[in-house]
Every structure is written in structure tokens, then in C-alpha cells.
There are 2 protein chains.
Amino acid sequence: MDAGAGTSDEELDPRVERSRRLVLSATFALLSEVGYGGVTVEAVAARAGVAKSTIYRHWSGRPALIEAAIRANKPPAIDATGGTRREQVLAQVQGVARFVASSTWAACMPALFEAAQRDPEVASLLDSISTGQRAAMADLLRLAQEAGEVDPGADVDLLVDTLVGPIFLRRLFSQRSFAPEEVVALVDQVVPAPR
Amino acid sequence: MDAGAGTSDEELDPRVERSRRLVLSATFALLSEVGYGGVTVEAVAARAGVAKSTIYRHWSGRPALIEAAIRANKPPAIDATGGTRREQVLAQVQGVARFVASSTWAACMPALFEAAQRDPEVASLLDSISTGQRAAMADLLRLAQEAGEVDPGADVDLLVDTLVGPIFLRRLFSQRSFAPEEVVALVDQVVPAPR
């Protein structure tokens, strides 16, 4: 699966590790700047300042390289601890909004969707990343339900999609992001505090 | 703005009109099949079976061509009449789900987001299309509020985003679509029927 995994010997060599990291960040930066169509082994080699042969030593080609770059740049887990369960949900949705507003990953999104459309390996990787992120939020919403802070009858998976869907939608269709107070309004509307 | 607009003389000539339509559908088909990076004037000419010079007679180049193709293939307005206002809202959301599940336009989405990321003209076109579609659904939700079928305190623009956001999110991240009964569950959860 992960064509980018080196042997354990290679992983112990800091120069090899450094050049791998350079190549993967160059790949990710190119994805965000020129899109899926623009990421070629040539362009990555030029950007990272390494020989094409160095890239081919680690990855079989463009698809494996793109897959490894996405894997190496997964969105961070959002720290949402403290406060009530509902406040933790809010913190997590605000984390998503900040992430979508600013990160290289978010700037890469169109390229990632494009890649997923063309390459089944990327599609399954993107699905597994998003499934993991959504599961974390669903767990938090279940705890909030148990604490009596969220309607116990609500379908939590659907709640997750209605909480984060609007954030991605605006970014993709209108290049706009949710301000922190807009996230509060969103969470208040989707997950009203129990009366 | 619309670099694809011909003179009125040209628009009256059915052969010219036919070749314009051929070129625009070839452009749109290519967007869905090979993505934004793969749509070149050469590729469109080959696909449509016309000379490159024919394309340059109507459009200044690749950006104008892509813009005209998006404009010519706007998603259709969804017919949602009859029934209660809430049933009309449901019909409209189901129309969006069907559209996202099956149309060429939906298969083009990653390419369109990619194009919007690279080209401000495409970005503003995509924004205006989506703004128009969302406004239609917001109007319907306002009527439903007036009819007492939807919580009068809800922010309708936010409701629209929470109704359609999940549908796009699933398609883009997981290549999955909403089945008709899942849309019912979504609408029931986001816009609960008044008790």
C-alpha cells in the first residue's frame, strides 16, 4: 500500500529521511499551488532540489508520490478538551473552520478531490482520513448525548456531516471561510442546547 | 465578461451555433474525464472534431473556453411545486442529491474547484451559480417559515448550507451519494416538522 515506506536501514539514515521529507513537502506544496495536473516527478524534483533518480528510489512514480505526500500531511487531530461536552464539540468544529480557512491542506483540497476522481488509491486514502476525522467528532457528540447536552434522538453521523459540510461547501464554492462567531451560530442551530 | 458571446450574425447561423455547442460539450466532458489540467485547446479541438482555429474564432483561449463551458452547463433549476412547503424543501434537497449522484456536472466538480482555485473568473462564476441555487432554496425555506412549517427562528442561509453541505461533502470525500431515504432523514433532522 504505502509505496513510500523505506527499509528500516534507510529510515535510520537522517540524510535519507531529510530528503524524503523535502520531496514530500515539495509534492504537497505543488499540489496546492498548481493542482493535481501540475504535479509531475520532474516538477517535484526541481522544487525539492533533488535528482529524479532520488525520487524513483523511494516511490514508483507520480501516483505513489502523491499518495505518500497526502499521508505525510494528514490534518492534525484537534485538541478539544475541557468545558462541557457541547463546548468541546464547538471547539472541534472551530478547529475544522480554522483549518479550512488557512492550511496548505485546505488549499490542496481541490487537487485532492481531483486526484481522488482519477486514482482509486487516493480516493480510498481520502475516504479513510475523512472517516477517521468524522468518527472522532461523532464520538464526542455521543458523549454529549450521554451527558444530556445534545438531543439523544439525533443521528450523530448525520450531525457531524451537517456541522462540517457547510464549512467545506463555502470554501469550495465561494472561497469563503466561517468566522469563529459564525461557527457558534452554526453549532447553536445544528446542535441546540437543551432547554 | 462572456468571452464566448458571438456577434448576432454568428448566432443566427445554425452551423456556427452547432459547432459552438459541440466545442462547449467537448470541453465539459473533458473536464469531467481528465480534470482541469487536461483541458487544453488542442484536446478540445480533437474531441469536438474541429480545427483549433475554429475554437480561437469564438474564445480567446483556455480560460475563456472553460468559463463558457461552465456557463453553458449550469445545473438545472429544480422543480419543487405541490405539497406542503416542507415537502417542497424535501423535493429540492432530493433534486440536489440526485444531481450530485449522477450528473456530468457533479463529475466535473473537482475540476471546477480546481479551476476556481487557479482562475478568479471561474471562482466568481462558480460562486454566482452556487449563490443563485442557494437563494432559491432559502426563498422556499422562508415560505415554509411563514407557513409555520419550519422554526421561524432559524437562520435560513445556514439551513440551506446544512441541508446541502453533507451531500457535497460525502460525494467529494467518499465518492458516496445520499439515497432518497437518507435525504428524508437529513431534512427531518435539520428542519424538524413543528410539533
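So that the names make sense, note that chain A is the first sequence line, chain B the second, and so on, each numbered from 1.
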> Quick one: closest heavy-atom pair of A:Asn73 and A:Trp105, and the distance?
O-CD1, 2.8 Å
> Answer with side chain, backbone, both or neither: which region of A:Ser32 has an atom nearer than 4.5 Å to a non-hydrogen atom of chain B?
backbone
> For the residue pair A:Ala43 and A:Gly38, what are the closest heavy atoms and their distance?
CB-O, 3.9 Å
> Got a salt bridge between B:Arg62 and B:Glu42, using NZ or NE/NH1/NH2 to carboxylate O under 4.0 Å?
no
> For B:Pro75 and B:Phe99, work out which heavy atoms get closest and say how close.
CB-CZ, 3.4 Å
> Relative to chain B, which of A:Ala107, A:Gly35, A:Ala123 shows the most heavy atom pairs under 4.5 Å?
A:Gly35
> Return the option, out of B:Leu158, B:Thr131, B:Val160, with the maximum number of heavy-atom pairs under 4.5 Å with chain A.
B:Leu158
> Heavy atoms only: give me the nearest B:Thr27-B:Ile66 pair and the separation to one decimal.
CG2-CA, 4.3 Å
> Top residue by heavy-atom pair count (under 4.5 Å) with chain A, among B:Met109, B:Arg176, B:Arg118?
B:Arg118
> For A:Val34, which atoms come within 4.5 Å of any heavy atom of chain B: side chain, backbone, both, or neither?
backbone
> Can you name the side chain to side chain contact (heavy atoms under 4.5 Å, CB included) partners of A:Lys74, sequence neighbours left out?
A:Ile129
> Quick one: what part of B:Leu31 sits under 4.5 Å from any heavy atom of chain A, side chain, backbone, both or neither?
backbone
> Please look at B:Leu112 and chain A and tell me whether the side chain, the backbone, both or neither of the residue comes under 4.5 angstrom of a heavy atom of that chain.
neither
> Determine which pairs satisfy side chain to side chain donor-acceptor pair (under 3.5 Å) with at least one residue from residues 83-99 of chain A, sequence neighbours left out, and list them in order.
A:Arg85-A:Gln88, A:Arg86-A:Asp188
> With only heavy atoms counted, which part of B:Phe168 is less than 4.5 Å from chain A, the side chain, the backbone, both or neither?
side chain
> Would you say the ring centers of A:Phe113 and B:Phe173 fall short of 6.0 Å from each other?
yes
> Is B:Glu114 close to chain A through its backbone or its side chain, or both, or neither, when contacts mean heavy atoms under 4.5 Å?
both
> Looking at chain A, which one of B:Gly37, B:Ala185, B:Ser130 has the largest number of heavy-atom pairs inside 4.5 Å, strictly under?
B:Ser130
> If you check every heavy atom in residues 132-155 of chain A against those of chain B, which residues fall under 4.5 Å?
A:Arg134, A:Ala154, A:Asp155
> Does any pair with a residue in residues 162-173 of chain B pass salt bridge (charged side-chain N to carboxylate O under 4.0 Å, His left out), and if so which ones, sequence neighbours excluded?
A:Asp161-B:Arg170, B:Arg170-B:Glu182
> I need the residue from B:Ser128, B:Ala111, B:Ala115 with the largest number of non-hydrogen atom pairs under 4.5 Å to chain A.
B:Ala111
